[in-house]
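Written below as structure tokens is the structure these notes are about.
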Amino acid sequence: MKSVLVAMSGGVDSSVAAALLSEQGYTCHGVMLIMHGYENTADAAAVCAQLNMSFYTVDAQERFHSCIINDFISSYKDGETPNPCVRCNNEVKLSLLLDEADRLGFDYIATGHYARVVRAKEINLLSACAEDESFPRSGSRGEMDGDKISCTDEGFGGKGKRSLLFKGKDKMKDQSYMLYRLSQEQLGRLLLPLGDFDKGEVRRLAGRFDLTTADRDDSQDLCFVPDGDYAAYIEREIGKQKPGAIVTEQGEILGTHNGLINYTVGQRKGLGVALGEPYYVIRKDKERNEIVLGKEEDMFTDSIRLRDINLVAAGEIPADLEVDVQTRYRAPAVRGRLRQMSGGIIDIAFNKTEKAPAPGQSAVFYLGDLLVGGGIVEGKID
RNA sequence: UGGGAUGUAGCCAAGGGGUAAGGCACGGGACUUUGACUCCCGCAUUCGAAGGUUCAAAUCCUUCCAUCCCAG
């Protein structure tokens with residue numbers, strides 16, 4: 001009987017994930033990573049008790065602070081807009097989960113993310129372009145040419161094998177974007193039992209399993225900032241930020257801002273300038289401590305550079321591979337061609353201009369439902 | 001001080017006797033495991049002030065106030 005260490009959050013999704021795995025015959029153990037002290041330990045413990053699972057907590061606060069909070073703050077200080085969640089999933093959550101699983105001798109780790117992991121043979125990304133029928137486009141059970149979906153896979157980590165990440169069945173809830181930074185080692189041991197369900201089904205399952213967390217609202221906002229005011233959080237940590245000018249690209253002064261950290265590229269609200277039509281942040285000028293505004297049409301870009309790349313579907317990208325690019329979570333993808341440069345850099349040329357990619361955010365690219373890889377937006381390419 | 005023009009919400013702005021459009025900003029909500037975007041809702045009992053005409057005035061009349069422009 002295979003054993004799984006399930007990351008419990010106290011929410012519906014992880015609860016149902018655990019219940020499903022138990023039902024499938026896994027020996028499940030629940031763990032909650034304590035990142036910041038706002039976790040709902042009681043609910044997670046209650047669900048584990050319901051499901052006859054052991055439950056314990058791991059103090060991850062130091063790790064979370066040194067990896068996530070510090071990067072979050074320094075990224076904002078750098079004039080970028082970080083996405084702490086993508087980083088956390090890889091560097092803290094899944095990493096510690098895997099450590100724990102190793103320490104306790106468990107076979108798998110699991111979370112309640114809406115995405116799918118598939119163990120497959122090495123694939124040829126070029127075959128995707130050639131409309132190859134055998135190319136794994138959807139990641140659904142039974143379409144993997146002998147390789148099985150995560151939950152029943154026996155031989156993870158084998159030679160010539162690769163763990164692929166696909167979008168979840170529920171395209172509205174798909175969270176593969178948040179997982180693009182996971183390593184092969186992490187994906188190789190990861191089970192995502194919710195990948196084949198949509199949110200409504202998960203809620204119904206929660207009811208059927210009679211889980212105490214069935215009616216929990218979905219989580220939202222930054223987990224370590226319960227009141228949602230991330231800028232106030234940063235100022236509590238590093239002090240008041242310097243005010244500066246709000247200007248147009250032509251240098252016209254429109255107003256003042258109270259610190260670059262309060263703004264992000266593409267932002268419209270909170271600028272306090274009334275110019276008859278909506279204006280947006282098109283750039284943050286860290287050197288001059290200025291926010292540069294423009295009209296909607298000024299936000300579009302036809303190419304961006306990514307750094308800090310993580311490739312999931314293959315070791316490298318064929319030249320000019322055409323993919324669907326998501327420059328933000330839950331945003332419609334835009335078609336674009338990838339060019340892998342040296343040093344973990346990828347340049348993307350969009351087929352159609354893309355609206356306001358924000359430096360610091362992640363761009364993730366797909367072939368159909370297959371997540372090819374992603375990276376951090378460095379900025380426009382001049 | 002003469003001459004001209006203008007005063008409608010935080011900003012811009014329709015309306016020129018019949019009971020205050022719209023945009024921007026702002027506030028609230030929805031959406032959302034980041035930040036944003038987007039969407040929905042709200043936002044002048046009152047039109048610079050005071051009088052007057054009228055069944056009815058932001059609209060017409062009078063006076064005053066304020067601002068802007070041109071002269072000197």
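Each chain gets a letter, A, B and so on, in the order the sequences are listed, and its residues count up from 1.
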Selection from B/C24, B/C37, B/U34 that lies nearest to any side-chain heavy atom of A/Pro278: B/C24

Between B/U32 (P) and A/Tyr177 (OH): distance, integer Å: 16 Å

5' precedence on RNA chain B between A/Cys223 and A/Glu277 (nearest-nucleotide basis): A/Glu277

Heavy atoms of other groups near A/Lys352 NZ, more than 12 under 6.0 Å: no

P spacing across the pair B/C65 / B/G27, given as an integer number of angstrom: 39 Å

Option passing salt bridge (Lys or Arg N to Asp or Glu O under 4.0 Å) with A/Glu80 (candidates A/Lys286, A/Arg283, A/Arg307): A/Arg307

Residue matched to B/C68 through Watson-Crick or wobble contacts both under 3.5 angstrom: B/G4

A/Lys169/A/Glu201 under salt bridge (Lys or Arg N to Asp or Glu O under 4.0 Å): CA gap, chis, key distance, verdict: CA-CA 11 Å; A/Lys169 174 193 169 195; A/Glu201 292 173 317; 3.3 Å; yes

Close side-chain approach of A/Val4 and A/Ile109, heavy atoms under 4.5 Å: no

Whole angstrom value for the distance that separates P of B/U34 from CG of A/Leu179: 13 Å

Pairing nucleotide - B/C43, Watson-Crick or G-U, each distance under 3.5 Å: none

Phosphate-side-chain proximity, A/Tyr329 and B/C31, N/O vs OP1/OP2 below 4.0 Å: no

Sugar-phosphate, base or nothing in reach of A/Tyr263, heavy atoms under 4.0 Å: nothing

P atoms of B/A57 and B/A49, separation to the nearest Å: 15 Å

Sugar-phosphate, base or nothing in reach of A/Gly270, heavy atoms under 4.0 Å: sugar-phosphate

Touch class at under 4.0 angstrom, heavy-atom based, for A/Val273 against every strand present: sugar-phosphate

C1' spacing across the pair B/C31 / B/A36, given as an integer number of angstrom: 12 Å

Residue A/Ala274, side-chain heavy atoms: nucleotide from B/A36, B/C24, B/U34 that is nearest: B/C24

Out of B/G10, B/U34, B/U38, whichever nucleotide has its closest atom nearest the side chain of A/Cys85: B/U34

Donor + acceptor pair across side chains of A/Ser95, A/Arg63 (<3.5 Å): yes

Distance between P atoms of B/C69 and B/C61 (Å, rounded): 27 Å

Touch class at under 4.0 angstrom, heavy-atom based, for A/Tyr280 against every strand present: sugar-phosphate

B/G51 - base-pair partner by Watson-Crick or wobble geometry, distances under 3.5 Å: B/C61

Sugar-phosphate only, base, or nothing, as touched by A/Asn89 at under 4.0 Å among non-hydrogen atoms: base

Distance, P atom - from B/A20 to B/G28, rounded to whole angstrom: 28 Å

A/Phe64 and A/Phe224 aromatic centres sub-6.0 Å: yes

B/U32 phosphate, OP1 or OP2, under 4.0 Å from A/Arg328 side-chain N/O: no

Glycosidic conformation of B/C37, taking syn as within 90° of 0 and anti otherwise: syn

Atom-to-atom span, CG of A/Leu275 to C1' of B/C24 - whole angstrom: 8 Å

Selection from B/A36, B/U34, B/C26 that lies nearest to any side-chain heavy atom of A/Asn83: B/U34

Nucleotide nearest A/Ala358 when distance is taken to its side chain, options B/G35, B/U34, B/A36: B/G35

Ion pair A/Asp215/A/Arg203, N-O distance below 4.0 Å: no

Rounded distance in Å - NZ (A/Lys269) to P (B/G29): 13 Å

Pairwise C1' distance for B/A9 and B/U45, with rounding to whole Å: 14 Å

Touch class at under 4.0 angstrom, heavy-atom based, for A/Lys173 against every strand present: sugar-phosphate

Centroid-centroid distance, A/Phe197 to A/Tyr114, less than 6.0 Å: no

C1' gap between B/U67 and B/G52, integer Å: 26 Å

5' precedence on RNA chain B between A/Tyr230 and A/Gly272 (nearest-nucleotide basis): A/Gly272

Nucleotide B/C37, atom C1' - distance to CD of A/Gln267 in whole Å: 10 Å

Identity of whatever pairs with B/G22 - Watson-Crick or G-U, under 3.5 angstrom: B/C12

Whole angstrom value for the distance that separates C1' of B/G23 from OH of A/Tyr279: 13 Å

side-chain N/O A/Arg268 vs B/U38 OP1/OP2, d < 4.0 Å: yes

Pairwise C1' distance, B/U46 and B/U19 [rounded to whole Å]: 11 Å

Whole-Å gap separating P (B/A36) and NZ (A/Lys355): 15 Å

Distance in angstrom units between A/Asp217 CG and B/C31 P, rounded: 9 Å

B/G16 glycosidic torsion: syn (within 90° of 0) vs anti: syn

